[in-house]
Amino acid sequence: MQEEYNTRAIQDKWLPVWDDLKPFDSSKKDDTRPTKYVLDMFPYPSGDLHMGHAEAYALGDVIARYWSQRGYNVMHPIGWDAFGLPAENAAIKRGLDPKAWTYENIAQQKASMRRYACSFDWDRVLETCNPSYYQWNQWLFLEFYKRGLAYRKNSNVNWCPSCQTVLANEQVVQGLCERCDSSVTKKSLTQWYFKVTDYADRLLDDLDGLEGKWPSKVLSMQRNWIGRSQGANIDFAIEGMDKSVSVFTTRPDTLYGATFMVLAADSELAQELAASAPDVTRAEFEKYLDEVKKANDIERLATDRKKTGIFLGHYAVNPINDERLPIWVSDYVLADYGTGAIMAVPAHDDRDIEFAKAMDLEIKMVVDTGEADPAETGIATSGDGVIVNSGPLDGLNKTDAIARAIEIVEEKGTGKGAKNFRLRDWLISRQRYWGTPIPIIHCEKCGEVPVPSDQLPVELPDSKGLDLQPKGTSPLGAASEWLNVSCPSCSGPAKRDSDTMDTFVDSSWYFLRFLNPNSDEVPFSQEEAKKWAPVDQYVGGVTHAILHLLYARFFTKVLHDIGMVDFEEPFTRLLNQGMVLMNGSAMSKSRGNLVRLSDQLDIHGVDAIRLTMAFAGPPEDDIDWADVSPAASAKFLARAWRIAQDVKSNPGIDVTAGDAGVRKSTHQFLKGFQEAIETHKFNVGVAKAMELTNHLRKAIDQGPGPSDPAVREGAEELAKALSLFAPYASEDMWHLLGHEASVALAGFRDADPALLTESTVMAIVQVNGKLRDKFEVDVSITEDQLRALAMASVQVQKTLQGLEISNVIIRAPKLVNIATK
RNA sequence: GCCCCGAUAGCCCAAUGGCAGAGGCAGACGACUUAAAAUCGUCACAGUGUGGGUUCGAGUCCCACUCGGGGCACCA
């Protein structure tokens, strides 16, 4: 009896079957298959899954299911990045408990993932807000602390006045808080840091090894972010003081062209020099500093901003030629980059010449680039050239002059070659409730005391009775029972550190926790790590190109140095899927273009949505939901499903007796499909499945008919291939074809090479690259035979009339190109 | 300002330097039907953003530009 393809019915039919079968269990003891670790970036539980999740998990699932079909034991776990501000803000807004809110969302997302038929191993699950997870954040923090990689310092930090918390450099985007878009200000606070800068060189250099495996975009973003500059640190003695101005410069070759010094207005040295300046100068300085502090980043970054500054009345001495250089302060020099001071070479630096012009300072050319003298034109020349007016450096090119200048200052003991990074240490403490408590106790007598490991975890106290409103200090400071403890060292009165960790700490190592998510003995098993890690394929959004990926790379390198893992990069391959847009822009409630995933699933079914995500285009491109047709995906699945229903032969029939043409289609498909999936051209893979479906339809209706064994072979391979995109439809097809569940474990076969070779091929004849004739020839045709055939062609003869042949290119058996003079 | 990515049919997208079209959407026509939907089938539509170059041959490689998207940016 012919039945209709019924999306809902087959979803309801197969879900419970899979629950029993657990096709994606990766923990079987006797499993001898080779391993693959495929990981999707774990979600933040801020509501139900949305279209973006649907895309990411559809694509990650294609990869996981593909390797599973290829005979690998695939670990494909999932968890929740469950700490963070949204839970806390929701709690404040609606008077809920952050924990209850979070776990409700997790339950909802988990149910949606199950319905979405993600091939997750449900025995490997974690939530970062669970003490069994975050105890290891604390344990790792203390390991870092032991090694000097976690430390506290006072500094001018990024402060979000709206979130009432500090932010890491990476969380400030264009001067705004990445979470709430408030203008970020500076505040002097004592905070905890991880010493990422110790790893700056390795984090940069090791990106080379990821070339071709990570998107080049991400590699370049990380390189930009780390921002290494080569140059020198040079000391300029301050006249009349036992002090010097130390500067970092990438252009020591222009040392003779320095005509003044500039200090960051908010640097300590500027304060000191102002203190010893005349009263008038000091007052001017204080006024200027006030203005600088008031200016926010947006104003400060404006490129057409006029140069301002104050002369401090002091002079520094150029170590290379003993010239006197006036010392200025200005806001165009940043306190927290390099040494917070520069030597200004206005002739060869755009910013310095602007300042020199504004303050009427000397401009001295020391590099002849062939352009006009900057002192005349007021335009700095920053290109390469010949060094002039520079004593021992005269006549050298830039590279040699840099090397020579460094030698000279090193000989004099007033400087040395150096490199500098844009990257800063990672500020990890947050003045909020919903995060991992920092496992440090502050004792009046003993100072900072680590919580002994047998006292971990330091559990978060219940939120009940705590005021979670942002107020600039941690809500935990008010949990007095929790806060007040006796010092582990001297037993005297002491207080816990009341800050919590940045949630990026949680996600920096979670991929290792999946190896043994429930262990209370170790953060992760080193034996399991040897078996599975690093992650073979990581899938997630490009939004994490800098933050999360940099931090995870940093953690991995530290864990390597501690001896806990034997690799230095966490994610061997990375796929960044694009975003799902609607009518050209990101979906949002306020824009009114929100497409609800649950609605789409109700209307079109899970399979159609997953297939649409894979078919829309290259995975890294954005999908505009207005451009795609889930209804068409559903239609195709019905068409494929009917193929399986129409097959009349029995399972296990000898397919070699089948129609040769149909077999050829199937095996060409096998080859093309696997190539497409392995190169992540999922859209092409789907197109090939559609092509096979069209061939099989024709074979059934107008060819050898539904009983031909080759039709069965094609239908079975089609079902297996579709299992990557459409788990429900393909499982039902498999069932219609007389097989037991699950099609997901049926296993792909390789194409039979014998069926791929053609005996004849279409040869084309070009004249000057333009097609003139084509004919079918035997694949074994010789060049001479092909030439003769081409020359004999009437079309070719006609074209060649009156022309003289200069060259004949022959690529037997497919092509002849006749070039004329 | 510096760096990266992209531009192929009305639309989304394919195409190891070798016939511009694999697949889909939308469209036209036909078969089936009393009719419609569904289904099955057939067909049409671009010379690859612009201008140069390399090559026997360029959508593909190189150079310049235009447009779109993204990253970094008073970083010394």
Side-chain angles (χ1 to χ4, degrees), chain A residues 4-5 173-174 215-229 231-232 247-251 254 262 264 300-305 307 330-334 336-345 348-352 354-355 382 420-423 542 545-546 578 584 611-612 615-618 620-624 626-633 635-636 638-639 642 672 675-676 681 683-694 697-698 700-702 762-774 805-811 814-820:
Chain A
E4 291 293 309
Y5 168 73
V173 180
Q174 302 280 301
S216 52
K217 185 181 168 183
V218 175
L219 296 178
S220 95
M221 284 167 78
Q222 293 229 346
R223 288 190 179 111
N224 267 336
W225 188 264
I226 296 167
R228 181 166 58 197
S229 309
V247 305
F248 173 74
T249 176
T250 56
R251 296 294 302 275
T254 62
V262 187
R300 208 177 52 74
L301 291 177
T303 44
D304 53 356
R305 187 172 162 82
K307 291 282 183 287
S330 175
D331 64 350
Y332 86 92
V333 172
L334 308 177
D336 56 358
Y337 184 78
T339 59
I342 62 160
M343 65 176 208
V345 184
H348 306 294
D349 183 281
D350 289 334
R351 298 148 302 181
D352 294 346
E354 290 306 317
F355 192 82
S382 53
N420 202 23
F421 295 91
R422 217 190 69 95
L423 182 74
V542 74
I546 297 174
L611 188 74
T612 301
F615 185 51
E620 53 278 355
D621 287 6
D622 289 345
I623 298 173
D624 194 325
D627 289 338
V628 297
S629 173
S633 299
K635 198 172 105 179
F636 161 68
R639 189 170 154 86
R642 281 193 299 272
E675 276 174 10
K681 294 176 182 172
N683 53 328
V684 177
V686 174
K688 293 201 183 295
M690 289 173 167
E691 197 180 2
L692 177 64
T693 305
N694 293 343
R697 183 78 263 153
K698 202 165 249 178
I700 291 168
D701 293 346
Q702 301 162 37
M762 192 63 72
I764 61 169
V765 185
Q766 300 172 333
V767 176
N768 293 323
K770 293 213 168 59
L771 178 70
R772 292 304 173 197
D773 201 1
K774 52 172 133 181
I805 296 173
S806 62
N807 195 7
V808 181
I809 313 293
I810 302 177
R811 296 279 179 275
K814 285 174 84 174
L815 176 122
V816 178
N817 188 20
I818 303 164
T820 64

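Quick caveat, the model's predicted, so the values are computed rather than measured. Just so it is clear: chains get the letters A, B, ... in the order the sequence lines come, proteins before strands, and each one is counted from 1.
- With both pairing distances under 3.5 Å, B:A37 is matched to nothing as a Watson-Crick or G-U wobble pair.
- Across B:G17 and B:C12, the matching P atoms stand 25 Å from one another, rounded to whole Å.
- The nucleotide B:G27 finds its pairing partner in B:C43, both defining distances of the Watson-Crick or G-U wobble pair being shorter than 3.5 Å.
- Across all strands shown, B:G1 forms a Watson-Crick or G-U wobble pair with B:C72, both key distances being under 3.5 Å.
- Nearest heavy atom pair, residue A:G584 against residue A:D624, reads N-OD2, 2.7 Å.
- Side chain of A:R697, nearest nucleotide from B:C40, B:A76, B:C72: B:C40.
- The base of B:C19 sits with one of its N or O atoms less than 3.5 Å from a complementary donor or acceptor on the side chain of A:K774.
- Rounded to the nearest Å, the gap between the C1' atom of B:C67 and that of B:C25 is 26 Å.
- Across all strands, A:K635 comes closer than 4.0 Å only to sugar-phosphate atoms, never to a base (heavy-atom distances).
- One cannot find a donor-acceptor pair under 3.5 Å joining the base of B:C56 and the side-chain atoms of A:N807.
- Looking at heavy-atom distances under 4.0 Å, A:F615 makes contact with a base.
- Of the nucleotides present, B:C67 is the one that pairs with B:G6 by Watson-Crick or G-U wobble criteria, both distances under 3.5 Å.
- Using a 4.5 Å heavy-atom cutoff, the side chains of A:V808 and A:N817 are not in contact.
- In this structure, A:A819 reaches the sugar-phosphate backbone alone: every heavy-atom distance under 4.0 Å involves primed, P, OP1 or OP2 atoms, never a base.
- Taking atom P on both B:G10 and B:G1, the two are 35 Å apart, rounded to the nearest angstrom.
- Taking the C1' atom of each, B:A35 and B:G23 are spaced 33 Å apart, rounded to whole Å.
- At a threshold of 4.0 angstrom between heavy atoms, the contacts of A:N817 include nucleobase atoms, whether or not backbone atoms are also involved.
- Contact annotation for A:P618: backbone-only contact, meaning every heavy-atom pair under 4.0 Å involves sugar-phosphate atoms and none involves a base.
- Across all strands shown, A:Q766 has heavy atoms under 4.0 Å from base atoms, whether or not it also approaches the sugar-phosphate.
- At least one side-chain heavy atom of A:T820 sits less than 4.5 Å from a side-chain heavy atom of A:N768.
- A gap of 16 Å separates the P atoms of B:U60 and B:U55, to the nearest Å.
- Between A:K698 and A:N694, every side-chain heavy-atom pair lies at or beyond the 4.5 Å cut-off.
- As rounded to the nearest Å, B:U8 and B:C40 have P atoms that lie 31 Å from one another.
- Within the 4.0 angstrom heavy-atom criterion, no nucleotide atom of any strand lies near A:R223.
- Residue A:K814 is out of contact with every strand shown, counting any heavy-atom pair closer than 4.0 Å.
- In this structure, the side chains of A:R772 and A:Q766 stay at 4.5 Å or more apart for every pair of heavy atoms.
- The side-chain heavy atoms of A:Y337 and A:S229, taken from C-beta on, include a pair separated by under 4.5 Å.
- Contact annotation for A:V262: no contact, since no heavy-atom pair falls under 4.0 Å across all strands.
- To the nearest whole angstrom, the two P atoms, one in B:C11 and one in B:G49, are 13 Å apart.
- With a 3.5 Å ceiling on both atom-pair distances, the Watson-Crick or G-U wobble partner of B:G18 is B:C56.
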